[in-house]
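Labels below follow one simple rule: chain letters A, B, ... track the order of the sequence lines, proteins then strands, and each chain is numbered from 1. Keep in mind that this is a model prediction, so the values were computed, not measured.
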Protein chains: 2
Amino acid sequence: MDDRLRRSMPLFSMGIVQNLTGLTARQIRYYEENALIEPERTEGNRRVFSFNDVEKLLDIKSLLDEGVNLAGIKHVLSSKPVEANQPLNVVKQKKSDLSDADLMKYLKSELINAGKFGDQAAIQGEFSRFFNQK
Amino acid sequence: MDDRLRRSMPLFSMGIVQNLTGLTARQIRYYEENALIEPERTEGNRRVFSFNDVEKLLDIKSLLDEGVNLAGIKHVLSSKPVEANQPLNVVKQKKSDLSDADLMKYLKSELINAGKFGDQAAIQGEFSRFFNQK
DNA sequence: TTTTTCTGTAAGAAAATGTAACATAGTTTG
DNA sequence: CAAACTATGTTACATTTTCTTACAGAAAAA
């Protein structure tokens with residue numbers, strides 16, 4: 001049960017971690033700057049990494065290889081799910097100062113026009129999904 | 001049960017999707033280029049988006065707001081878990097042509113040195129995690 | 001003393017978006 | 001219907017941001 005402790009025990013120097021992960025020291029420091037890891041420090045200010053740090057760096061490495069950027073890596077490592085978006089999470093911007101009611105009116109009028117595209121009569125049915133709830 | 005069908009039915013024009021999502025046409029086209037969405041086309045080559053497309057774009061939008069890049073978004077939307085890394089997924093590179101055995105030897109010698117940092121006697125225990133399996 | 005590591009800064013590459021030019025589709029109106 | 005708009009499409013180039021690499025000087029560790 002002190003596994004948690006053992007895994008966060010500071011053990012590895014920068015040089016070793018470079019070899020273990022294949023990341024450069026500069027990269028590792030950069031990731032620390034961006035709060036992806038938080039290695040301990042010696043009295044002399046050298047970083048000392050734990051197993052957790054190393055494993056996290058290995059995860060980071062594999063995500064980097066996929067081209068995922070730091071923000072993405074943060075997201076994945078903290079595995080926030082994508083917040084489920086509401087029935088319709090309309091973004092206002094531009095037409096910014098519309099009231100919700102106005103916005104809905106706008107959408108309805110726009111959407112009615114959508115009829116031109118496909119000729120599916122089901123459009124009416126879809127509207128209910130957007131407008132008939134709440 | 002034809003919900004699936006309804007949700008993938010092409011309904012929305014580019015302009016409407018811009019308003020619904022707050023993304024620019026340029027962005028939306030770029031995401032299509034990168035295979036995040038696959039809107040249908042009219043005979044005249046205009047894009048027509050489904051509900052699924054719009055919802056995906058809303059997810060993309062919220063990830064973008066977090067600073068996640070396309071690779072990251074792809075990863076999240078397909079929600080691949082980070083592949084669990086093996087007990088020690090050593091990266092060779094640089095010292096590239098070592099055999100696995102040589103590499104293990106190298107790691108052991110390096111790791112033994114690690115003792116200098118912390119003075120925790122538990123290091124020996126940790127080694128087993130790395131070397132005593134398989 | 002020699003080797004590592006630290007911080008900071010600058011230069012370079014790549015990703016994402018903006019912008020502009022010009023063609024075609026679809027809509028609206030006289 | 002035909003002329004006039006407006007929305008979209010494609011392509012190419014410019015700009016911004018993010019990440020990596022390289023370098024310099026100082027301190028720590030061997």
Side-chain angles (χ1 to χ4, degrees), chain A residues 10-49 53 57 60-61 63-75 93-95 109-119, chain B residues 10-49 53 57 60-61 63-75 93-94 109-110 112-119:
Chain A
L11 292 171
F12 305 110
S13 70
M14 178 57 88
I16 291 175
V17 173
Q18 289 184 67
N19 287 325
L20 291 179
T21 62
L23 297 166
T24 68
R26 201 66 189 77
Q27 282 179 295
I28 294 168
R29 293 188 199 112
Y30 187 66
Y31 305 149
E32 180 188 14
E33 269 179 57
N34 287 272
L36 289 176
I37 54 172
E38 296 187 46
E40 302 279 315
R41 300 287 184 128
T42 65
E43 287 182 8
N45 197 37
R46 269 75 212 289
R47 273 164 263 253
V48 197
F49 301 82
D53 291 328
L57 286 170
I60 291 171
K61 180 93 186 324
L63 288 167
L64 279 176
D65 288 344
E66 280 184 60
V68 180
N69 66 0
L70 293 214
I73 292 173
K74 269 182 201 167
H75 184 99
Q93 51 111 263
K94 292 299 167 67
K95 311 183 173 284
S109 67
E110 288 282 35
L111 284 168
I112 283 163
N113 257 337
K116 13 188 178 174
F117 289 105
D119 42 6
Chain B
L11 292 170
F12 305 110
S13 69
M14 176 59 86
I16 290 175
V17 173
Q18 289 185 66
N19 288 323
L20 291 180
T21 62
L23 296 166
T24 67
R26 183 71 178 77
Q27 286 178 294
I28 294 168
R29 294 189 196 112
Y30 187 65
Y31 305 149
E32 181 187 10
E33 263 183 61
N34 286 272
L36 288 175
I37 52 171
E38 296 187 45
E40 303 277 314
R41 299 287 184 130
T42 64
E43 287 183 8
N45 196 37
R46 267 78 212 288
R47 274 165 262 254
V48 197
F49 301 83
D53 290 329
L57 286 170
I60 291 171
K61 180 91 184 328
L63 288 167
L64 279 176
D65 289 343
E66 280 184 60
V68 180
N69 66 1
L70 293 215
I73 291 173
K74 272 181 199 168
H75 184 99
Q93 53 111 258
K94 292 298 166 65
S109 67
E110 288 282 38
I112 284 164
N113 258 337
K116 11 183 180 177
F117 288 105
D119 42 7

Please give, in whole Å, the distance from [N] [atom2] to [X] [atom1]?
X       : N      : atom1 : atom2 : value
B/Arg47 : C/dT24 : CZ    : C1'   : 14 Å
A/Lys74 : D/dT18 : NZ    : C1'   : 12 Å
B/Arg41 : C/dA25 : CZ    : C1'   : 13 Å
B/Leu63 : C/dA16 : CG    : C1'   : 15 Å
B/Leu57 : C/dT17 : CG    : P     : 12 Å
B/Ile16 : D/dT6  : CD1   : C1'   : 14 Å
A/Leu70 : C/dA15 : CG    : P     : 15 Å
B/Ile60 : C/dA16 : CD1   : P     : 12 Å

Taking atom [atom1] of [X] and atom [atom2] of [Y], what is their separation to the nearest 0.5 Å?
X       : Y       : atom1 : atom2 : result
B/Phe49 : B/Met14 : CZ    : CE    : 4.0 Å
B/Ile16 : B/Thr21 : CD1   : OG1   : 11.5 Å
A/Ile28 : A/Asp53 : CD1   : CG    : 10.0 Å

I'd like a table of atom pairs between the protein and nucleotides 15-17 of chain D - only N or O on both sides, under 3.5 Å - with the distance next to each one.
none

Practice prompt. Answer yes or no: is there a donor N or O on one side and an acceptor on the other, between the side chain of A/Asn34 and the main chain of A/Tyr30, under 3.5 Å?
Written response: yes
Select one nucleotide: of [options], the one nearest the side-chain heavy atoms of [X].
X       : options               : answer
A/Asn69 : D/dC19, C/dT7, C/dA25 : D/dC19
B/Gln18 : C/dC6, D/dT10, D/dT8  : D/dT8
A/Arg46 : D/dA29, C/dA16, D/dT8 : D/dA29

Worksheet item: Does a nitrogen or oxygen in the side chain of A/Ser13 sit under 4.0 Å from OP1 or OP2 of C/dT5?
Response: yes
Worksheet item: Would you say B/Thr42 reaches C/dA25's phosphate, i.e. side-chain N/O to OP1/OP2 under 4.0 Å?
Response: no
Discussion item. Judged by each residue's nearest nucleotide on DNA chain C, which is more toward the 5′ side, B/Leu64 or B/Glu43?
Written reply: B/Leu64
Discussion item. Between A/Arg26 and A/Glu32, does any side-chain N to carboxylate O distance fall below 4.0 Å?
Written reply: no
Discussion item. Between the side chains of B/Arg47 and B/Glu33, is the shortest nitrogen-to-carboxylate-oxygen separation below 4.0 Å, so that they form an ion pair?
Written reply: no
Fill in: Test side-chain contact (heavy atoms from CB on, under 4.5 Å) applied to A/Leu63 and A/Val68, A/Leu70, A/Asn69, the passing residue
A/Val68
Discussion item. When you compare the side chain of A/Leu23 with that of A/Tyr31, does any pair of heavy atoms fall below 4.5 Å?
Written reply: yes
Practice prompt. Please work out which residues in residues 25-37 of chain A have a non-hydrogen atom less than 4.0 Å from an atom of DNA chain D and list them by number.
Written response: A/Arg26, A/Gln27, A/Tyr30, A/Tyr31
Worksheet item: If every non-hydrogen atom of A/Lys61 is compared with every non-hydrogen atom of A/Gly22, which pair is closest and at what distance?
Response: CE-O, 4.0 Å
